[in-house]
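See structure below.
The first residue of the sequence shown is numbered 1, and numbering continues consecutively from there.
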Amino acid sequence: MTEKVVVDDMTMKRALTRITYEIIERHKGIDDIVLIGIKTRGIYLANRIAERLKQLEGKDIPVGELDITLYRDDNHVNEHDTPEVHASNIPFSIEDKEVILVDDVIFTGRTIRAALDAIMDIGRPEKISLAVLVDRGHRELPIRADYVGKNIPTSKKEQIIVSVEEYDGTDEIKIRQNN
């Protein structure tokens, strides 16, 4: 197994700044926007985008945390196993808001499908958009990101590993080649 750093901390910061500017450009104000990070690294990315929005627009944007464990269709659980569930934390109404889901990587689209199901169980937003740090391709479902930090084409044998300072101690994106 070999790993190669393809995005360093400065490039990651620029990608998140680009996403932030795109969010501002596509909206007539950011009053009805809420960010919801998909556990785990999506939460940290959502917080960074919210902080940058505050710097640029002078407004606090609510940020929530979404755990999609029970909504996944690829967790094959037998009667003796229980998936590890962490609570979602969305301490605000999403009714009539534009929810921007934030995740680190979009691959097959299954994580986002699960997140959409989870969001709809919480409430009915006006609109749902998707912001991802990395789009690596290989969709299995008709889902696309509205805001993309970096497109990093990969083979199915490769793996994208996103590290964030708050959780992993460093900001970088690696490609791992699985043999």
Legend entry - Heavy-atom side-chain contact between Val164 and Asp104 under 4.5 Å: no
Inset, instruction - May I ask you to test the Glu65-Asp67 pair for a side-chain heavy-atom distance under 4.5 Å? - result: no
Legend entry - Residues, nucleotides or ligands: over 12 heavy atoms within 6.0 Å of Phe92 CZ: yes
Legend entry - Val34 and Ile90, any side-chain heavy atoms less than 4.5 Å apart: no
Inset, instruction - Say whether, by atom type as modelled, one donor and one acceptor occur between the side chain of Arg110 and the main chain of Arg139 under 3.5 angstrom. - result: no
Inset, instruction - Spell out, yes or no, whether Leu45 and Ile106 are grouped together once hydrophobic residues are joined by side-chain heavy atoms under 4.5 Å, including indirect joins. - result: no
Inset, instruction - Nearest 0.5 Å please: distance from the NZ atom of Lys156 over to the CZ atom of Arg136. - result: 9.5 Å
Legend entry - Rounded distance [0.5 Å steps], CG in Leu66 versus CG in Leu101: 7.0 Å
Inset, instruction - Please determine if Glu166 and Arg48 form a salt bridge, counting it only when a charged side-chain N lies under 4.0 Å from a carboxylate O. - result: yes
Legend entry - Atom of Arg124, atom of Glu95 and distance for their closest heavy-atom approach: N-OE2, 3.0 Å
Inset, instruction - Please report the shortest heavy-atom distance between Arg144 and Leu130, naming the atom on each side. - result: O-CD2, 3.9 Å
Inset, instruction - Check the angle between the aromatic planes of Tyr167 and Tyr44 and answer parallel, tilted or perpendicular using the 30° and 60° thresholds. - result: tilted
Legend entry - NZ/NE/NH1/NH2 to OD/OE distance under 4.0 Å, Asp171 and Lys13: no
Legend entry - Smallest separation among heavy atoms of Asn151 and Val148, with atom names: OD1-CG1, 3.8 Å
Legend entry - Residues Asp117 and Arg113 bridged, charged N to O under 4.0 Å: yes
Legend entry - Heavy-atom side-chain contact between Val63 and Ile49 under 4.5 Å: no
Legend entry - Pairwise side-chain contact, Met1 with Asn178, heavy-atom cut-off 4.5 Å (strictly under): yes
Inset, instruction - Taking all non-hydrogen atoms of both residues into account, name the closest pair between Ser129 and Glu98 and its distance. - result: OG-OE2, 2.7 Å
Inset, instruction - Without swapping roles, check the side chain of His138 against the backbone of Thr154 for a donor-acceptor pair under 3.5 Å. - result: yes
Legend entry - Check: Arg176 and Lys174 side chains under 4.5 Å, non-hydrogen atoms: no
Inset, instruction - Mark yes or no for whether Arg18, through its side chain, and Gly149, through its backbone, hold a donor-acceptor pair below 3.5 Å. - result: yes
Inset, instruction - Could you tell me which non-hydrogen atom of Ala46 sits nearest to which non-hydrogen atom of Val102, and how far apart they are? - result: N-CG1, 3.7 Å
Legend entry - N-O pairing of Asp168 and Arg41 below 4.0 Å: yes
Legend entry - Spacing of Arg52 atom CZ and Leu16 atom CG [to the nearest 0.5 Å]: 10.5 Å
Inset, instruction - Using a 4.5 Å cut-off on heavy atoms from C-beta on, say whether the side chain of Ile36 contacts that of Ile100. - result: no
Legend entry - Non-hydrogen atoms of Val132 and Ala145 that approach each other most closely: CG2-CB, 3.6 Å
Legend entry - Note, Thr170 side chain near Asp9 side chain (heavy atom, < 4.5 Å): no
